[in-house]
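Got a structure for you, written out below as structure tokens; questions coming shortly.
What you see is a predicted model, and the numbers here were worked out from it, not measured in a lab. Residues take their numbers from the sequence shown, with the count starting at 1.
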Amino acid sequence: MKTALVDRVHRIFANLGPGLITGAADDDPSGISTYSVAGAMFGFQMLWTAVFSFPLMTAVQLMCGRLGMVTGLGLAGAIRTYYSRKILWFACLLLITANIVNIAADLGGMADVTELLTGVSSSLWTPVFTVLILALLIFTTYRTIVRIFKWLTLALLAYVVSAFLAQPDWLAVAKATLVPTFSWTPQYWATLVGILGTTISPYLFFWGAAQEVEVDISKGRVNLEDRRGATPEELRSLRNDVTSGMFFSNLVMFFIILTSSATLHANGNTNIATARQAAEALRPLAGDGAFLLFSFGLIGAGMLGVPVLAGSCAYAISEAAGWAGSLDAKPKHAIGFYVVIGLAMSIGLWLDFANFDAVKMLFWAAVLNGVLAPPLLVLVVLLTSREDVMGEHRNGFTLRSLGWLCAALMFIATLVMFASVLLPLA
């Protein structure tokens with residue numbers, strides 16, 4: 001009986017791929033810090049966002065995955081084919097800006113928490129993590145990377161366990177999850193934009209589409225014509241994969257907010273700016289177990305999230321410039337692709353050693369993603385709704401409606417955030 005159950009779980013896990021990795025990469029150190037800030041500052045008040053954002057992010061990532069699967073192109077490649085070069089490079093500029101800040105923030109956050117665990121200075125850990133991630137991306141194959149990323153997703157389950165160790169008031173949790181509450185303060189709206197930005201992130205749009213292309217390439221479909229089109233079975237598999245990945249992502253998000261709410265906020269520790277501060281504050285409140293789980297979960301999340309950030313930069317620029325680019329290609333066959341990865345990581349590392357506080361950037365990187373996402377969302381919805389792009393697989397009413405709703409809500413949340421700063425209530 002036990003063997004059969006293990007085999008079944010193994011088969012399910014084996015069939016999950018880009019969607020699971022994309023969902024798990026969504027909970028990078030920047031996301032973890034944002035959720036920790038939300039829970040510490042507002043308690044259970046923002047738990048509803050985990051439920052609310054799930055159908056929106058699922059619809060967006062499903063559109064991106066379908067675009068890659070049906071056209072055989074990544075998002076930048078599709079924009080290059082169907083829109084002007086100005087729109088293409090504008091989209092890439094938005095992505096690169098958000099991603100490099102995010103890479104710096106994530107590397108800094110990982111190093112900071114590792115210093116907390118080991119006592120060794122974070123300035124030594126930042127280049128160590130940078131070199132380790134570059135080696136993973138440059139010297140391994142796509143299949144190897146996928147296998148490693150799948151196992152790294154399990155690190156995020158640490159946050160589910162740590163939430164139960166915190167022993168929250170489950171009745172209050174249920175009420176806050178089902179009944180949204182709002183407040184007209186700059187802190188609230190910046191946090192909401194940050195949550196939306198770190199769950200519905202621009203880099204995941206490019207990564208999600210590119211991974212479907214990578215899957216085809218790994219199956220020997222090197223030519224564009226061989227990759228075009230999708231069978232009903234492939235589309236069903238994609239839907240299951242993406243839905244599972246987004247559910248996993250939001251489950252982790254929910255429990256991070258819950259953990260920091262039940263421990264930090266409940267004990268008056270509302271001024272948390274980073275995941276390290278959250279981990280430090282957890283130790284006396286929830287014990288060494290919760291502290292260690294929270295810390296190791298963040299490092300695992302960074303080892304998953306940073307490669308996705310750097311990789312999505314490389315996919316976008318390579319497709320925009322018309323270069324060959326794939327994680328399955330050897331560096332000598334995709335020089336531009338790997339140069340972009342190296343530059344993105346190097347600039348992120350430089351920001352950590354310059355006069356930028358990368359650790360404080362963890363939260364603001366999420367807010368930046370929330371501000372920059374709407375224009376890219378518009379392009380995703382437009383592309384995947386066009387018959388000349390997607391053929392019979394263009395967006396139906398539900399996907400199209402959810403896509404436009406997502407873009408509109410993120411844009412409105414950004415406007416309200418700025419309005420709350422300029423027009424504060426007395």
Side-chain angles (χ1 to χ4, degrees), residues 21 24-34 36 96 98-140 144-156 158-159 198 201 203 207 252 274-280 291-314 327 331 338-366 369:
I21 293 168
D26 203 17
D27 295 316
D28 66 332
S30 175
I32 293 168
S33 289
T34 303
S36 299
I96 298 301
N99 278 22
I100 288 178
V101 173
N102 225 1
I103 287 170
D106 284 359
L107 287 172
M110 293 163 67
D112 211 40
V113 169
T114 308
E115 177 184 337
L116 185 63
L117 290 169
T118 64
V120 178
S121 172
S122 62
S123 62
L124 296 177
W125 285 112
T126 311
V128 168
F129 283 126
T130 301
V131 171
L132 188 59
I133 289 168
L134 281 172
L136 172 69
L137 291 173
I138 295 172
F139 299 113
T140 59
T144 301
I145 290 171
V146 167
R147 284 197 297 270
I148 293 171
F149 281 4
K150 279 187 181 182
W151 287 110
L152 283 173
T153 62
L154 298 179
L156 294 170
Y159 295 110
T198 201
S201 302
Y203 70 92
W207 178 264
V252 172
T274 70
R276 170 178 174 153
Q277 291 176 357
E280 286 179 308
F291 160 74
L292 290 171
L293 285 169
F294 198 95
S295 301
F296 283 120
L298 184 137
I299 295 168
M303 288 300 299
L304 178 60
V306 175
V308 171
L309 286 160
S312 59
C313 285
L327 288 172
Y338 286 104
V339 165
V340 173
I341 287 177
L343 283 174
M345 293 292 295
S346 298
I347 296 172
L349 179 63
W350 173 79
L351 288 175
D352 282 326
F353 284 96
N355 293 323
F356 297 90
D357 190 333
V359 177
K360 289 184 179 178
M361 281 197 294
L362 282 165
F363 174 77
W364 293 108
N369 274 313

Could you give me the CA-CA distance, side-chain angles and deciding distance for Asn369 and Thr198, then say whether side-chain contact (heavy atoms from CB on, under 4.5 Å) is met? CA-CA 7 Å; Asn369 274 313; Thr198 201; 5.7 Å; no

Check side-chain contact (heavy atoms from CB on, under 4.5 Å) between Leu349 and all other residues, then give those that pass, not counting sequence neighbours. Thr126, Pro127, Thr130, Phe353

Spatial distance of atom CD1 (Ile299) from atom CG (Asp112) [nearest 0.5 Å]: 10.5 Å

Which residues share a side chain to side chain donor-acceptor pair (under 3.5 Å) with Thr118, sequence neighbours left out: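 Checked Thr118 against side chain to side chain donor-acceptor pair (under 3.5 Å); matches are Trp125.
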
Under 3.5 Å, is there a donor-acceptor pair between the side chain of Ser201 and the main chain of Tyr203? no

Let me confirm one number: the CG-CG distance from Asp106 to Asp352, rounded to the nearest 0.5 Å.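 With rounding to 0.5 Å, CG (Asp106) is 9.5 Å from CG (Asp352).
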
Say you draw a straight line from CD of Glu115 to CG of Leu117; how long is it, rounded to the nearest 0.5 Å? 10.0 Å

For a quick test of reading the model, state the closest non-hydrogen atom pair linking Leu136 to Pro307 and the distance between them.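 Nearest heavy atoms, Leu136 then Pro307: CD2-CG, 4.4 Å.
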
I need the full list of side chain to side chain donor-acceptor pair (under 3.5 Å) pairs touching residues 299-314, with sequence neighbours left out, sorted by first then second residue.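 Pairs touching residues 299-314 that pass the test: Asn99-Ser312.
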
Could you grab the distance from atom CZ of Phe129 to atom CG of Leu107, nearest 0.5 Å is fine? 9.0 Å

For Val101, side-chain contact (heavy atoms from CB on, under 4.5 Å) partners two or more places apart: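 If we apply the side-chain contact (heavy atoms from CB on, under 4.5 Å) test to Val101, skipping adjacent residues, the hits are Met361, Ala365, Leu368.
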
Under the side-chain contact (heavy atoms from CB on, under 4.5 Å) rule, what do Ile100 and Ile96 come out as? Steps first, then yes or no, please. CA-CA 6 Å; Ile100 288 178; Ile96 298 301; 3.6 Å; yes

Residues in side-chain contact (heavy atoms from CB on, under 4.5 Å) with Val339, at least two apart?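 Result, side-chain contact (heavy atoms from CB on, under 4.5 Å) vs Val339: Ile335, Leu343.
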
Distance, nearest 0.5 Å, that separates OG of Ser346 from CG of Leu134: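 So the OG of Ser346 and the CG of Leu134 are separated by 6.5 Å.
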
Restricting to non-hydrogen atoms, name the atom on Thr34 and the atom on Ala366 that form the minimum distance, rounded to 0.1 Å.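 What the structure gives for the nearest pair is OG1-CB, 3.1 Å.
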
Taking only residues two or more places apart in sequence, or in another chain, which ones meet Ala310 in a side-chain contact (heavy atoms from CB on, under 4.5 Å)? Ile103, Leu137, Ile341, Met345

